[in-house]
Amino acid sequence: MISVQQLTRQFGDGPDAVLAVDHLSFEVPPGEVYGLLGPNGAGKTTTLRMVLGLLTPTSGDVEILGYRVSEHADEVKRQIGLVSASAGLYQWLTPREILEFFAGGYGLDPEQVQHQVERLADLMDLRRFLDRRSATLSTGQKQRVNLARALVHDPPVVLLDEPTRGLDVVGSQVVFDFVNTLRSEGKAIVVCTHQLDEAERLCDRFGLLFRGRLRYEGTLQDLREQTQRATIVEMFLDLLRSPQPVEVSA
Amino acid sequence: MSGSGPDHDSSPRKAGTRPFRTEKTAARSFLHNAPVLMKKELRETLRDRRTIVTLLAMPILLYPLLGMLFRFVAIGQSKSQNEPQYIISIVTDAEALWLNSALEAGEAILRENWPDRLTAMEANPNPDQTPAEAVASMVRMVKPDGDAPDVRTLVASMESDLVIRVELDTVEQQSRVRGGKIFVTACSDSVTSQEALRYVEDRIQATNLFSLFKQARFQNPSIQLPVRAEYELVASNRKSKGFLGLMPLVLLLMTVTGGVYPAIDLTAGERERDTLETLVALPIPRVHLLFAKYIAVLTVTLMTGFINSIAMSATVFVLQMETQLFGEAGLTPTFMLSLAVVLVVFALFYSAVLLAITSSSRSFKEAQAYLIPLMLMSISPGLVVLLPGWHLEGVLAVIPLINMLLLAGDLFTGTASILPATAAVVSTLLYAAGALALAARLFGNDAVATGSRGTWSDLFQRPPHAQTKISPGLAATGMAALFPLYFFFMGLLNRTSAAQPEHRLILGAVVTILLFAVLPAGLCLWQKVRIQPAWRIRAVSAQFWVAVILLGLGTWPLIYELVLATRSLGLVNLSDSRLQQVAEILERWKQVPLPLMICTLGVITGISEEIFFRGFLLNGLREILRPNVSAVVCGILFGLFHVIAADGATLERFLPSAALGIVLSWIAVRTGSVLPGMLMHVLHNSSLLALAAYQGQLSQLMVANADQEHLPMLWLTGSAAIVTGCLFWVWRTSSENGSSIPVLTPIPAVNELPK
Ligand SMILES: Nc1ncnc2c1ncn2[C@@H]1O[C@H](COP(=O)(O)OP(=O)(O)O)[C@@H](O)[C@H]1O
Ligand SMILES: [Mg+2]
């Protein structure tokens, strides 16, 4: 479903060059939640942007449902829903108008647009503020609109970038439920986060990203066997201490 | 999480979870995306209070205020003209009465074209009350305080402009006016006092002269004054713009203020509020996103312009200032229409500039910081333009911003003329296209989506890989650069080498090469565009060469007739002086050896223009337009360029040049190469030049039709047959995207070789 192949991105030239993502490869089948974990600056957001085609890779490619992002950028975008903690809402529009706009932007016809707005209003519990100006919504409400917006074209692939950042326990629980619903619908999901404990509960498989490189990959079971550590936090602490870059195993 | 979730790999996807696939095939056109995008952009801006304020509140407040101010100034002026101006101190009522009647008599005489009307005047010495009124409105006589006022102090303190004492004659004279002697005291360094003195003097002299003349006539009825004069007063047509000059400036600037806020909000605002990333994640080309924003900004700008025009007209109407503002005719439909055109063109231009600036800024603050210099830059030329004597002419017509301000100013004073106006409008539209192309590049940058620095310096970044195609933006940039550069160089040429036609020709050829060949080549090198494939420099099959040779040699009679037709339609009125001028130019050119003419104006011009218009511009246009549409657009631009750029341009060049341009573009499209058109262009230009050189012989040939100057019917039929035949031949043996259908031996295209 998602296939990331030797993805690399460098920012800048010469001495200031930053290798944000370094020959990153992973695959996510349908119905799996893949956790791309790493501290701030590890290259998670950059990776997602390249998957979406918002950023051109220095080298490497991404394939979504057989479409290469380098060749069929628009087709790839149509397959992907993006949830980003930093994403804002158009403050002068209502949630309904925002959903309608994005649904139209993905090329849905007016009937489908209405159907999706109704479905998502129920699914994400937006009814109470569906026709209120977005600027007046609370953080939690905004986050629900953002989650709904990502599903407006019913994409088979969903990318989540720090989906729980800035949310309280209730808000985070909404996100967990959201991800579990998507998994049960058979979507391929990538969750990027630096909140490792949270990720342990949420994801099926993990890629540990450090300085743009994938250091460990596998289920929690696999990781524990590889690293002899119980938690992902401990694994990262090891990585931080290790002076030598550690190669991806297997 | 040891269960690690169910394995969905093999499970079939549920029908409900499949994404909607409405348009699987090609990218949706802008027209598809536009409704959705426009709705959102317009909702977003029009709901914003800040937009509404600039849109509605500003004009509703500003124009009435300006109107009041205007009226205040105007009233102040008329007051100072009509109210008693000169204060004359005079001691007794009798003296005042006498002086008044003397002044009135003088006024009456001055108002007549005397002495022609002398007889009439004698019959009816006091035709109407006008002289009395006129005097009363100019002079106010006051009695000084006190019995013996100090005359000098009165004048020196400027309390009075003049002090006059009168000694009346005791003896009744023959004259209608009783005699008397006046003693006048005036102030030597007060302008008003001097004017008052002259005023009194003029009238007294007139009375005296009139009286003398009458006496002389009495002695000798045939006597005449040595110098007789008649005067006529005509209002100037070069009206001083004065306060009115502000109006176009205010209208245009107010119009564009409407677009400022939306432009910031829809670009920098998206980035600041982190909505940009989800927007560009839509499967919609960024050019479409930007274009929707452009239309939104433009819409708000036009609405602002519309509301401002209404507010201005309403103010003018309510305060009854039509004639003061727009002359005797008042607000005519023609004026309104031309003003609307200027407003639309200006809005098209300014909206694009605004977007180009805001597209590179990350935040509101940054965008505002960029826009303040722009606004100042717009106001300062505006103020210069207010100075009298500035009109839309020459190079000014292609200077962005200034040309539109001048055009609006000329419209207001009713002195606009069609040619510079066209130049101003066309060049401004080109600048708008250029600015929009810049905005699209800035908005399309990687950096835009990721929120890092996307700045103007990105514009000067070269693409990492070699390109084989000319982007529409690059083509627009080239076109926008061509106009001012052309005017600049031509102006330079006119100054330096007017004397020798040969020198002019050679320098002109150098300029032609620089602008039409070196400029596009430089732009392509800068953007790493490989020239040969991008300009479509390819060999073509032999039948095309034959066709273009025939076309090149056989088209001129048709083009010539088209010129005549344009003339006879009355679309163009060539004045006699203009014809004279053309004839003189032709005469001078005739002294130049024909080979030099053909080499410069035929070969060099033909090849260079083809490089620019067909190699560079057409191929850029083809990236966004269908081949045939781009051929027509390119042809029209070619025609417009010739109208505007021609030395002393005339509209009559438009139709022929555009027609030729369309044919050349179409041939470039059909043959898939820029080369055949070059040959045709060179041959066409050269045959025209050769013809002009042998024009004497030619007119003898055409003696039958000499008065109408039409070509013999046979020639025209022949030319039409050649043109249609060749075009049909090219059409039959080529396909729309320019690959030839082999008829003779096909020659492989040069650039098809693998790299
Ligand atoms: N547009 C950009 N320009 C330059 N450097 C960037 C840009 N975006 C990200 N980086 C750098 O790339 C690295 C990875 O960033 P990012 O992908 O945002 O990390 P994460 O999302 O894992 O916190 C960081 O060092 C960051 O500074
Ligand atoms: Mg991040």
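Keep in mind that the numbers below use all heavy atoms, side chains included, and drop hydrogens, waters and symmetry copies. Residue numbers begin at 1 in each chain, while the letters A, B, ... track the order of the sequences.
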### Task
Name the option with the most non-hydrogen atom pairs under 4.5 Å to chain B; the candidates are A:Leu82, A:Leu93, A:Asn146.
A:Leu93
Search all heavy atoms of [X] against all heavy atoms of [Y] and return the closest pair with its distance.
X	Y	answer
A:Phe102	B:Thr278	CE2-O, 3.5 Å
A:Tyr106	B:Ala281	OH-O, 3.7 Å
B:Arg286	A:Leu54	NH2-O, 3.6 Å
A:Gly104	B:Val36	C-CG1, 3.8 Å

### Query
Does B:Phe306 CZ have over 12 foreign heavy atoms under 6.0 Å away?
no
### Task
Assess whether atom CD of A:Glu111 is packed by more than 12 heavy atoms of other residues, nucleotides or ligands within 6.0 Å.
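No, because the 6.0 Å sphere around CD of A:Glu111 holds 12 heavy atoms or fewer from other groups.
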### Task
Please determine, among B:Thr45, B:Leu37, B:Ile284, B:Asp48, the option with the most heavy-atom pairs under 4.5 Å with chain A.
B:Asp48
### Task
Could you go through the side chain to side chain contact (heavy atoms under 4.5 Å, CB included) check for A:Phe101 and B:Lys39 one step at a time?
CA-CA 8 Å; A:Phe101 165 62; B:Lys39 201 156 141 193; over 6 Å; no
### Message
Between A:Arg224 and chain B, with a heavy-atom cut-off of 4.5 Å, which part of the residue counts as in contact: side chain, backbone, both or neither?
### Response
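For A:Arg224, there is no contact with chain B at all, as no heavy atom is under 4.5 Å.
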### Task
Pick one of side chain, backbone, both or neither for B:Glu272, based on which atoms fall under 4.5 Å of a heavy atom in chain A.
neither
### Task
Could you tell me whether A:Glu97 and B:Arg43 make a salt bridge, using a distance below 4.0 angstrom between a side-chain N and a carboxylate O?
yes
#### Entry: Any residue meeting side chain to side chain contact (heavy atoms under 4.5 Å, CB included) with A:Lys142, in chain and number order, not counting sequence neighbours
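Here the qualifying residues are A:Leu89, A:Leu137.
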### Task
Please report the C-alpha distance between A:Lys77 and B:Leu282 in whole Å, then the side-chain angles of each, then the deciding distance to 0.1 Å, and finally whether the side chain to side chain contact (heavy atoms under 4.5 Å, CB included) criterion is met.
CA-CA 6 Å; A:Lys77 283 178 181 171; B:Leu282 286 173; over 6 Å; no
### Query
Under the side chain to side chain contact (heavy atoms under 4.5 Å, CB included) criterion, do B:Glu277 and A:Arg49 qualify, and how do the steps go?
CA-CA 9 Å; B:Glu277 187 163 17; A:Arg49 281 177 177 155; 2.8 Å; yes
### Query
How many angstroms lie between atom CZ of B:Arg47 and atom CH2 of A:Trp92, to the nearest 0.5 angstrom?
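Here the rounded value is 9.5 Å.
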### Query
Rounded to the nearest 0.5 Å, what separation is found between the OG atom of A:Ser86 and the CZ atom of B:Arg273?
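Between A:Ser86 OG and B:Arg273 CZ, I get 14.5 Å after rounding to 0.5 Å.
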